[in-house]
A.B. asks: 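Below is the structure I would like to discuss, written out as structure tokens.
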Amino acid sequence: MSKLQAVRGMNDILPSSTPYWQRLESACRSLFGAYGLEEIRLPIVEPTALFKRSIGEATDIVEKEMYTFDDRNGESLTLRPELTAGVVRAGEQHGLLYNQTPRLWYAGPAFRYEKPQKGRYRQFHQIGVECFGLPGPDIDAELIALTARLWEHLGLASAVRLELNTIGSAESRQRFRKALVAFLEDKREALDEDSQRRLLTNPMRILDSKSAETQRVLDNAPSLHDYIDDESKQHFAGLCQRLDALGISYVVNPRLVRGLDYYGKTVFEWITTELGAQGTVCAGGRYDGLVEQLGGKSTPGVGFAMGCERLVLMLEALAARGSMALQARGLHSLYVMGLGEAEDSAAQTLAEQIRSAAPGLKVMLHCGGGSIKSRMKKADRSGAQLSVLIGENELARQQVSCKVMQADSAVAASLGLDEDSTVSTPGQFLLSQTELLQRLQTMKEQADSNHG
RNA sequence: GUGGGCGUAGCUCAGCUGGUAGAGCUCAGGAUUGUGAUUCCUGCGGUCGAGGGUUCGAAACCCUUCGUCCACCCCA
């Protein structure tokens, strides 16, 4: 270990992919605002007991995947493996949960000690929503409608499908679990190795085993649906009716079981087939017992979390297929350069003046010297549509040479320039610095007024 | 935690049954002395992931280890 490198499974997010992260984050931010949700921000570290009591002692997450360490005073702390528990803790601590119905969203990293693979990392990022104090299926449907709209905004709608189930009340699950274990016990031999183990630890999880043989055994097993209590059934029917009314299509998957202990009644997953084994891109459900379980007054809750890495992978794949959103037309990026020491300084001043005159325009200043050729090359590589150059002559006359870098008539047109203003070569213009500033300002004002 | 694939230039990769490394792209410079993206020329760039072993000789074969990818498992 001579070279310094990032901890295994904890990835750097490089400039080549940050645009997709930004698109995801800004889509969530604006949509959550439009649905009346409020943001909450939480510590990354919580007392270990919080996760043991919420996620469930017998789950893999708590058993072997938590980053747990002792604080200097001996208290056991844990890097959060998910954010729901923290939201409940914060809500409880600050009295957010009672006599009101908060609808909260969060975004941030979480940590699980797992072997990394595609779509699964030791530090990963979740964006999620949690709503409290609302017991009915109306809010369940509201959250699903929100996620469905998000896929639309991101262009992912055709790549995901919604799976839905109800896992009933804690009591009904208890009765079903007994029946299931009784049924499977004498068929133990036919089960795959992992499912045999789960028979003892977490029998419900056998239902969504990927083993074909295990699934065949399950064909004759007792159905969870037959054990669901009436109230949960009604709740589920209400949810389905609302989704039908909203035109949101879904598949009821009676074998869909969530991994975390606190879920009850509604559970759902948005799934894609485009990411290999880690196909769940967003998942959630109802957890009416969680607040009480953590020591608060009985308060219903529903929520979901999205896996940012997985969604970003999908957005990148989408872009690679060429379905990128179109760039705005007209001039939006400049590259400003001088041709010597005094000229470079003048160029920097001009760049700042441009930024004042036309805020929001991308203005890149050439730094680092070099020949004209190399400066122009950098201008080209930067993707700028227009290069703005101050040489000895321009400096003496307070002028600039502008050159349109791509064959795009809209660039010159948006500055109000035409062929007649061309100097020497096509697409090249000589004008005074104040005129350039005025034209940019006018352009910007027109663009702003067009947008409303 | 289990199983498999892969680690060679900044990037993508070639390198045959062992004879101490090559291409494309990128980058820098020039052809074109104040104009990029095309073309041509030149150049920079490598403890072959790391450590050990076999051998006269290892990028190649063996062992160990680290990293990475994929799947199981788990889950967002």
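Everything numeric here is computed off the predicted structure, so don't read it as measured data. Lettering of chains follows the sequences in order, A, B, ..., and the numbering in each one begins at 1. Both backbone and side-chain heavy atoms feed into the values below; hydrogens, waters and symmetry mates do not.
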A.B. asks: Does S401(A) reach a base, just sugar-phosphate, or nothing at all? Heavy atoms under 4.0 Å.
C.D. replies: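 Contact class for S401(A): base.
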A.B. asks: Identify whether any heavy atom of K373(A) sits under 4.0 Å from a base atom; if not, whether one sits that close to sugar-phosphate; answer base, sugar-phosphate or nothing.
C.D. replies: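 The answer is base, as K373(A) lies within the cut-off (heavy atoms under 4.0 Å) of a base atom.
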A.B. asks: For I127(A), answer base if it contacts any base atom (sugar-phosphate contacts may also be present), sugar-phosphate if it contacts only those atoms, and nothing otherwise; contact means non-hydrogen atoms under 4.0 Å.
C.D. replies: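 Answer is nothing: I127(A) stays at 4.0 Å or more from every strand.
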A.B. asks: Would you tabulate the nitrogen or oxygen pairs shorter than 3.5 Å linking the protein to nucleotides 73-76 of chain B?
C.D. replies:
residue: C73(B); atom: N3; partner: R120(A); partner atom: NH1; Å: 2.5
residue: C73(B); atom: N4; partner: R120(A); partner atom: NH1; Å: 2.9
residue: C73(B); atom: N4; partner: Q278(A); partner atom: NE2; Å: 3.1
residue: C74(B); atom: OP1; partner: R198(A); partner atom: NH1; Å: 2.0
residue: C74(B); atom: OP2; partner: R198(A); partner atom: NH1; Å: 2.7
residue: C74(B); atom: O2'; partner: E65(A); partner atom: OE2; Å: 3.3
residue: C74(B); atom: O2; partner: E114(A); partner atom: OE2; Å: 2.8
residue: C74(B); atom: O2; partner: R120(A); partner atom: NH1; Å: 3.2
residue: C75(B); atom: OP2; partner: R205(A); partner atom: NE; Å: 3.3
residue: C75(B); atom: OP2; partner: R205(A); partner atom: NH1; Å: 2.2
residue: C75(B); atom: OP2; partner: R205(A); partner atom: NH2; Å: 2.7
residue: C75(B); atom: O3'; partner: R112(A); partner atom: NH1; Å: 3.3
residue: C75(B); atom: O2'; partner: R112(A); partner atom: NH1; Å: 2.6
residue: C75(B); atom: O2; partner: R310(A); partner atom: NH1; Å: 3.1
residue: C75(B); atom: O2; partner: R310(A); partner atom: NH2; Å: 2.9
residue: A76(B); atom: OP2; partner: R258(A); partner atom: NH1; Å: 3.3
residue: A76(B); atom: OP2; partner: R258(A); partner atom: NH2; Å: 2.2
residue: A76(B); atom: O4'; partner: Q126(A); partner atom: NE2; Å: 2.8
residue: A76(B); atom: O3'; partner: A283(A); partner atom: N; Å: 3.3
residue: A76(B); atom: O2'; partner: T280(A); partner atom: O; Å: 3.2
residue: A76(B); atom: O2'; partner: V281(A); partner atom: O; Å: 3.2
residue: A76(B); atom: O2'; partner: G307(A); partner atom: N; Å: 3.2
residue: A76(B); atom: N1; partner: G119(A); partner atom: O; Å: 3.3

A.B. asks: Counting only side-chain N and O atoms of R381(A), is one of them less than 4.0 Å from OP1 or OP2 of G36(B)?
C.D. replies: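 No, no such contact exists.
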A.B. asks: Evaluate the side chain to side chain donor-acceptor pair (under 3.5 Å) criterion for residues T280(A) and E269(A): first the C-alpha distance (whole Å), next the side-chain angles of each, then the deciding distance (0.1 Å), finally the verdict.
C.D. replies: CA-CA 6 Å; T280(A) 302; E269(A) 286 189 10; 3.0 Å; yes
A.B. asks: Check the angle between the aromatic planes of Y287(A) and Y262(A) and answer parallel, tilted or perpendicular using the 30° and 60° thresholds.
C.D. replies: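 The arrangement is perpendicular - the two ring planes meet at more than 60°.
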A.B. asks: Output all residues satisfying salt bridge (Lys or Arg N to Asp or Glu O under 4.0 Å) with E189(A), sequence neighbours left out; order by chain, then residue number.
C.D. replies: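 Expected list: none.
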A.B. asks: Going by modelled atom types, is there a donor-acceptor pair between the base of G36(B) and the side chain of K378(A) at under 3.5 Å?
C.D. replies: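 No, no donor-acceptor pair under 3.5 Å.
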A.B. asks: Between D140(A) and H235(A), do the side chains contain a donor N or O and an acceptor N or O under 3.5 Å apart?
C.D. replies: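 Yes.
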A.B. asks: With a 3.5 Å cut-off and no angle check, do the side chains of R149(A) and Y35(A) form a donor-acceptor pair?
C.D. replies: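 Yes, because at least one side-chain N or O of R149(A) sits under 3.5 Å from a partner of the opposite role on Y35(A).
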A.B. asks: Dot-bracket for RNA chain B, please, read 5' to 3', with Watson-Crick or G-U wobble pairs under 3.5 Å on both distances, ( ) within the strand, [ ] crossing, | other strand, . unpaired.
C.D. replies: (((((((..((((.....[..)))).(((((.......))))).....(((((..]....))))))))))))....
A.B. asks: Using salt bridge (Lys or Arg N to Asp or Glu O under 4.0 Å) as the criterion, list what pairs up with R41(A), not counting sequence neighbours.
C.D. replies: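 So R41(A) forms a salt bridge (Lys or Arg N to Asp or Glu O under 4.0 Å) with E39(A).
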A.B. asks: Using a heavy-atom cut-off of under 4.0 Å over every strand shown, decide if E394(A) touches base, sugar-phosphate, or nothing.
C.D. replies: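 Base contact.
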A.B. asks: Atom CG of D380(A) to atom P of A37(B): distance rounded to whole Å?
C.D. replies: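 Nearest whole value for this atom pair: 7 Å.
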A.B. asks: Once hydrogens and angles are ignored, does a donor-acceptor distance under 3.5 Å link the base of U2(B) to the side chain of K115(A)?
C.D. replies: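 Answer yes: a donor N or O sits under 3.5 Å from an acceptor.
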A.B. asks: Using a cut-off of under 3.5 Å, enumerate the N/O to N/O pairs linking the protein to nucleotides 43-46 of chain B.
C.D. replies:
none

A.B. asks: Listed by chain and number, what are the salt bridge (Lys or Arg N to Asp or Glu O under 4.0 Å) partners of E163(A), not counting sequence neighbours?
C.D. replies: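 Per chain and number, E163(A) pairs via salt bridge (Lys or Arg N to Asp or Glu O under 4.0 Å) with R161(A).
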